[in-house]
There are 2 protein chains.
Amino acid sequence: MALTFTLDALDSDTRARAGRLWTPHGEVLTPAFMPVGTQGAVKTLAPDELAAAGADILLANTYHLLLRPGVETVRQMEGLHRFMSWSGAILTDSGGFQVLSLAELRKVTDRGVEFRSHLDGSRHFIAPEDAIWIQDGLDTDIAMSFDELIELPASIETVRRSVDRTLDWAARGWVERERLRQEGRGTMGLFGINQGGVEAAERARCFDTLGTLAFDGFALGGLWVGESRSLSLEMVERDCARFPADRPRYLMGVGHPVDVIDAVGLGVDMFDCVLPTRNARRGTVFIATGRLVVKNAAYARDPRPLDPECDCYTCRRFTRAYLRHLFMSGELLGMRLASIHAVTQMIQLARRARRAVIEGGFRAFRAAFLDKFRSGETLTRSGVTTAPIPNPEN
Amino acid sequence: MALTFTLDALDSDTRARAGRLWTPHGEVLTPAFMPVGTQGAVKTLAPDELAAAGADILLANTYHLLLRPGVETVRQMEGLHRFMSWSGAILTDSGGFQVLSLAELRKVTDRGVEFRSHLDGSRHFIAPEDAIWIQDGLDTDIAMSFDELIELPASIETVRRSVDRTLDWAARGWVERERLRQEGRGTMGLFGINQGGVEAAERARCFDTLGTLAFDGFALGGLWVGESRSLSLEMVERDCARFPADRPRYLMGVGHPVDVIDAVGLGVDMFDCVLPTRNARRGTVFIATGRLVVKNAAYARDPRPLDPECDCYTCRRFTRAYLRHLFMSGELLGMRLASIHAVTQMIQLARRARRAVIEGGFRAFRAAFLDKFRSGETLTRSGVTTAPIPNPEN
């Protein structure tokens, strides 16, 4: 098998799990946070920096790579790993999300999605089968089923129709991978995506069918897209209760530290999100004590690292004063150094959660993490009012 | 002494020299190319990358750092080396060039220069003495005299007046460093700058006085600012013939590979220029065979590194196809990887020139370098017409 998943430990108090996923490009320790390399690069960062941050898996976006540089170019460059010079594992999304959020003039039918590129207006069509061979052409380690996302709130009829279509597309994608395997290709793993918005019954119905296909893992789709956080967490809890224990569970697009820790406690194994790196490029990072806005005048002569508890390259080598200077001066190095910290912070948070599970203390770990994270003590030295504290609850 | 210079070898055929400059932050091998860290960072690059590129000295801009983050901030952060996390040597310019090219509403008198910041319009005044203690406050290894640049062409009267003023300011700066030394500061080296535009007699007159002050090195100022290249090279030849053999010679602002090699042949030891990194950020790099425009469609599926003869991080790890993709996609990583190559290429070119001098074959080295550099064979694989070949002669 291309992909195998083993569980190292189950937390006794919560549903948290510690596992490892074996891929053709090495082992992925879970819970895992996957940095996002949208266009074949995690913005501003080189592969060595990602490895140094502890990354063993990256996410890349099929839609973006399909449009530019194109699958054939990546294939001729011997696949995405070689192209990016990244020797770890890669998970690709199916392109469904971007097609439905970025592409223009899109038309969704049972056959697939017709759309125009947001780059040059060129016309494209992706059938669920296409999404699979495209991901295979990129040489991914883990492919995702092509699914239909809907905007929330949506009528129950809309949700039902999207579940039906998602199930049909998942099955067709699954068959396509079988076909590829008969041709000696398709060694990649394939994850199914559960949909149904925040309709518990629809998500359950979706999984009743999805779960009959022997996917290598299951993703929780359509959450954290505008609905309330508590409802999302309820869906996570329900989905995880239905998903088989021996397959990895991937909560798509979730990346706030508090959300990640809460979802780990409900049994999720994998996460991805552009939030940490996007924030970092804008000069905001998460540290152990909350959120830090690098440009804050309070840091102008602050000799401390961004996060005194972090041992990333940025925190080992540079002061807040220097980081602030770089951002104030528009130096791209600032974005880079903040991104290094942001990626490290998320990967190491997941890694610490893993250790807590193995050592049997996830609940205490979570409580201590939240306590410190919400303390907001990022400006204590200067005595200036504290930075806004993240409050994801709503 | 803070700064000592020793000569390892003199070329028998040309005026080329191989030396080493001992600074409080390590040894600088000459000929040396100094990457420019304008605002306390070589754009897009981290200090480790500069060290890996072979850099033993960087240049930083006094004018920029004076305005932002300010000398007092750098001093509180324990100097520029600590602030930037750069353990090698640093040379600072005096700020004169930027004051006269960037600042607004500037007014030059014998006392100094009054100007408004190009950032916020704030009013500042720099006397030649100020330029020295500011550079000392930045904790530089090599400070430059505050000089007056003029735009060329200029009347002989204008040139004369600027030479007179430059000499007066150089002497006042020299005295200021002596004063700092009596206070236990001012351990930095100090270079005098020879001016006089392309008036050979004025440059000679300038040096007749400048050379009586025991500067730690001498710079060739006011060249490559619009006048013809052959005339500039003639001034370089004349200046170098007058400069004492036992002090390093620094040709300011010159960074085209062909110019650097020609000036080395005339006896210059040190160079700086933003050209290689500025070009790189725009997707143009120099390689052994000339200039390469990364976005050229011919490289879309080119599996070769930017420069097959280069062993920088970029050329060891990434293809032209990937670099082109990054530039086409607007990924900042492209700027970074191109900058790594550009900086490495210039530093290693100077290093190879040094080895040629030591091995007694600079003339042959120069001929082989020019031959290959002008071949322009950057697109041979695809058969597309060659990229524009640099022709600095005019």
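The figures here come from the full heavy-atom set of this structure, side chains too, leaving out hydrogens, waters and symmetry mates. Being a predicted model, the structure only gives us computed values, none of them experimental. Just so we're on the same page: letters track the sequence lines, and every chain starts at 1.
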Can you say whether [X] sits under 4.5 Å from chain B via the side chain, the backbone, both, or neither, judging by heavy atoms?
X	result
A:E78	neither
A:M335	side chain
A:I340	neither

Looking only at heavy atoms, what is the nearest atom pair of [X] and [Y], with distance?
X	Y	result
A:A41	B:L326	CB-CD2, 3.8 Å
A:Y313	B:A46	OH-CB, 3.7 Å
A:T44	B:R336	O-NH1, 2.6 Å
B:M77	A:P303	SD-CA, 4.1 Å

Does the side chain of A:F318 reach to within under 4.5 Å of the side chain of B:P47, using non-hydrogen atoms?
yes

Heavy-atom distance under 4.5 Å between the side chains of B:H64 and A:S329, does that happen here?
no

Would the distance check show the side chain of B:H325 and the main-chain N or O of A:V74 forming a donor-acceptor pair, the cut-off being under 3.5 Å?
no

With distance as the sole test, does B:R301 use its side chain to make a donor-acceptor pair with the main-chain N or O of A:Q76 at under 3.5 Å?
no

Looking at [atom1] of [X] and [atom2] of [Y], how far apart are the two atoms once the value is rounded to the nearest 0.5 Å?
X	Y	atom1	atom2	answer
B:L80	A:Y322	CG	OH	8.0 Å
B:L337	A:S85	CG	OG	9.5 Å
B:S339	A:L332	OG	CG	9.0 Å

For each of B:T38, B:D48, B:L45, tally heavy-atom pairs with chain A at distances under 4.5 Å, and name the one with the top tally.
B:D48

Taking B:R281, B:R317, B:R324 one by one, which has the highest count of heavy-atom pairs under 4.5 Å against chain A?
B:R317

Tell me whether [X] at atom [atom1] has more than 12 heavy atoms from other residues, nucleotides or ligands lying less than 6.0 Å away.
X	atom1	value
A:R82	CZ	no
B:F327	CZ	yes
A:R316	CZ	yes

With sequence neighbours left out, the residues meeting ring-ring contact (aromatic ring centres under 6.0 Å, His included) with B:F271 are none

